A.B. asks: 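Here it is, the structure in full.
Any value given below was found using the heavy atoms of this structure, including those in side chains, with hydrogens, waters and symmetry copies removed. Just so it is clear, the structure is predicted and the values come from calculations on it, not from any experiment.
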Amino acid sequence: MKTFILALLFSLNVSAADFTIPGFMYVYDYDNAVTGVNGERETILSFAKANGITNIFLSANRYFDYPSKQPALTDFINVAKNSYGMNTTLVLGDYSWALTANHAEALDITNKAIAYVKTLLVKPVAFQYDVEPHALDGWSSNLQSYSNQYIDMIGKIMTVTKPAGMHTQFTTSNFYGGKMIKRGSITKPLSQYVIDLSDSILIMNYRDDVAYTKVVSSTSKQTFSNKILGTSSSHYVTDDIAYANTKGKKVFQAFNTHCKSAADFVVTEANCAAVMKLDKVAYSNYGSSCNSYWDYKASSFCEEGKAAMIKAGKLLNTTYTAKYSAYAGYGIFAYKYFSVLKP
């Protein structure tokens, strides 16, 4: 992931977390957030503090590709901790790292990050690896090979970060629990391999159908419950949390507030309405784009707003905290959209 990203997250010590509010928030494409130019660092940190955030997840590849930028990173870590009482987690990763040919790059960045951390008085509390192998071209047709290379990468990274005493977290997606991967004589979900090797995971549970407020009938309530708790065929979140619980690992979740329109998908609402009416010509012309648009609409709380998102988060937290000590709370992607999300 080359894009500059911040993520604001609950402390990894989550026993005292307030699970009624979002616990973390991604922020990306904000260079000034680190340098402090135009007061953006203070604006973001103040917003984070006002929303109960205690840990800042900062995309850090660039600081090890360009060491001259490290003093700004150090200043950010110090200001966050000393002025706002917030910890920092360094986010590392690129989807290409999943492949064996690029494991050396992942380890090089990791070793540079560890060496940097050793020089600090105020230290980041963890590394998070956002690699996302499903973003690779040919993922579907090379699922077994790419997944095994990705799992190998995790193992290699952990052999470096564990001796250094760094809590090491990996991001996963809400469908990894449905990807059955064979390693030797063992076949099990990809998500379980990640849980086994890592210290904790963050599931990108990008669905807004966890928060539909139009719940009126018992049937719709059941559907709502199935979707929010990850028990539908396309979601495996509950299974992942239950499995992590047996391993003594922590699981975080992220919600999406990214706002787009049909125009971003080169279609119109009328095009997609025609597709919905099973118009064969419309389907031929716009079916693929409309499917992408609908999938986006189902992944973001942009339309539903903050209240619906908070309602979903509370339902998740109430359900999961009652059953699983592994559950560590939910948070938001991303500051740019969450800060202007409708009520």
Side-chain angles (χ1 to χ4, degrees), residues 1-2 4-15 24 26 34 54-82 85-133 149-172 191-202 244 247-252 326 328:
M1 180 178 58
K2 297 297 186 186
F4 174 63
I5 295 179
L6 284 166
L8 311 182
L9 183 64
F10 274 135
S11 169
L12 291 168
N13 298 315
V14 297
S15 58
F24 63 90
Y26 280 89
V34 173
T54 61
N55 191 320
I56 302 172
F57 275 36
L58 175 63
S59 181
N61 283 16
R62 64 177 57 197
Y63 302 105
F64 308 113
D65 287 332
Y66 305 99
S68 63
K69 294 180 177 288
Q70 289 178 9
L73 173 61
T74 302
D75 287 345
F76 182 90
I77 294 171
N78 288 334
V79 169
K81 185 65 174 180
N82 296 330
M86 297 180 191
N87 293 323
T88 300
T89 291
L90 300 183
V91 180
L92 308 169
D94 188 286
Y95 62 84
S96 67
W97 288 6
L99 299 179
T100 302
N102 301 312
H103 289 181
E105 179 184 351
L107 292 172
D108 179 59
I109 293 290
T110 298
N111 281 308
K112 288 176 179 177
I114 290 172
Y116 165 74
V117 168
K118 289 180 178 178
T119 70
L120 303 178
L121 293 177
V122 178
K123 300 179 184 295
V125 296
F127 293 162
Q128 183 199 71
Y129 287 83
D130 185 21
V131 177
E132 304 183 31
Q149 292 177 65
Y150 172 60
I151 296 165
D152 288 341
M153 180 211 70
I154 296 174
K156 292 175 184 178
I157 287 172
M158 294 301 295
T159 62
V160 176
T161 58
K162 269 192 174 297
M166 292 303 302
H167 183 103
T168 306
Q169 179 184 86
F170 288 81
T171 61
T172 67
S191 56
Q192 292 189 9
Y193 290 108
V194 181
I195 291 167
D196 288 342
L197 292 169
S198 65
D199 292 321
S200 66
I201 66 169
L202 182 142
K247 300 296 181 178
K249 305 294 181 70
K250 293 294 183 182
V251 179
F252 298 83

A.B. asks: If you round to the nearest 0.5 Å, how far is CG of Leu99 from CG of Asp152?
C.D. replies: 11.5 Å
A.B. asks: Quick one: does any side-chain atom of His167 pair with a main-chain N or O of Phe127 as donor and acceptor, under 3.5 Å?
C.D. replies: no
A.B. asks: With under 30° as parallel and over 60° as perpendicular, where do the rings of Phe170 and Tyr150 fit, or are they tilted in between?
C.D. replies: perpendicular
A.B. asks: Is the side chain of Gln149 donor-acceptor paired with the backbone N or O of Ala98 at a distance under 3.5 Å, no angle test?
C.D. replies: no
A.B. asks: For side-chain contact (heavy atoms from CB on, under 4.5 Å), just list the numbers for Val91 and Leu58, CA-CA rounded to whole Å, side-chain angles, deciding distance to a tenth of an Å, and then say yes or no.
C.D. replies: CA-CA 5 Å; Val91 180; Leu58 175 63; 5.8 Å; no
A.B. asks: Any chance you could measure Phe64, atom CZ, to Asn111, atom CG, to the nearest 0.5 Å?
C.D. replies: 11.0 Å
A.B. asks: Just verifying a value: how many Å separate Ser59 OG and Gln128 CD, rounded to the nearest 0.5 Å?
C.D. replies: 9.5 Å
A.B. asks: Which pair of non-hydrogen atoms, one from Pro124 and one from Met166, has the smallest distance, and what is that distance?
C.D. replies: O-CE, 3.8 Å
A.B. asks: What heavy-atom pair brings Ala113 and Leu92 nearest, and what distance separates the two atoms?
C.D. replies: CB-CD1, 4.2 Å
A.B. asks: Any donor and acceptor pair, going by atom type alone, linking the side chain of Lys249 with main-chain N or O of Ala244 inside 3.5 Å?
C.D. replies: no
A.B. asks: Rounded to the nearest 0.5 Å, how far apart are CG of Leu120 and CD of Gln70?
C.D. replies: 8.5 Å
A.B. asks: So, do Ile154 and Tyr193 sit near enough that their side-chain heavy atoms are less than 4.5 Å apart?
C.D. replies: no
A.B. asks: Identify the two heavy atoms, one from Asn55 and one from Thr88, that lie closest to each other, and give their separation to 0.1 Å.
C.D. replies: OD1-C, 3.7 Å
A.B. asks: What is the distance from atom CD of Glu132 to atom CG of Asp94, rounded to the nearest 0.5 Å?
C.D. replies: 10.0 Å
A.B. asks: Would you find a donor on one side and an acceptor on the other, under 3.5 Å apart, between the side chain of Asn102 and the backbone of Ser96?
C.D. replies: yes
A.B. asks: Write out all pairs satisfying salt bridge (charged side-chain N to carboxylate O under 4.0 Å, His left out) with one or both partners inside residues 154-171, taking only residues at least two apart or from two chains.
C.D. replies: Lys162-Asp199
A.B. asks: Any non-hydrogen side-chain atom of Tyr129 less than 4.5 Å from a side-chain atom of Met153?
C.D. replies: no
A.B. asks: About how many Å separate OG1 of Thr172 and CG of Asp130, when rounded to the nearest 0.5 Å?
C.D. replies: 10.0 Å
A.B. asks: So, do Ile109 and Asp65 sit near enough that their side-chain heavy atoms are less than 4.5 Å apart?
C.D. replies: yes
A.B. asks: Can you name the closest pair of heavy atoms from Thr119 and Ala115 and give their distance?
C.D. replies: CG2-O, 3.4 Å
A.B. asks: Which heavy atom in Val34 sits nearest to a heavy atom in Ala72, and how many Å separate them?
C.D. replies: CG1-O, 3.4 Å
A.B. asks: Mind running side-chain contact (heavy atoms from CB on, under 4.5 Å) on Lys81 and Asn87 for me, showing each step along the way?
C.D. replies: CA-CA 6 Å; Lys81 185 65 174 180; Asn87 293 323; 2.8 Å; yes
A.B. asks: Which pair of heavy atoms, one from Gly93 and one from Val131, lies closest together, and at what distance?
C.D. replies: CA-CG2, 4.4 Å
A.B. asks: Side chains of Ile56 and Thr89: closer than 4.5 Å at any heavy-atom pair?
C.D. replies: no
A.B. asks: Which pairs pass side-chain hydrogen bond (donor to acceptor under 3.5 Å, both in side chains) with one or both residues in residues 71-80, sequence neighbours excluded?
C.D. replies: Thr74-Tyr116
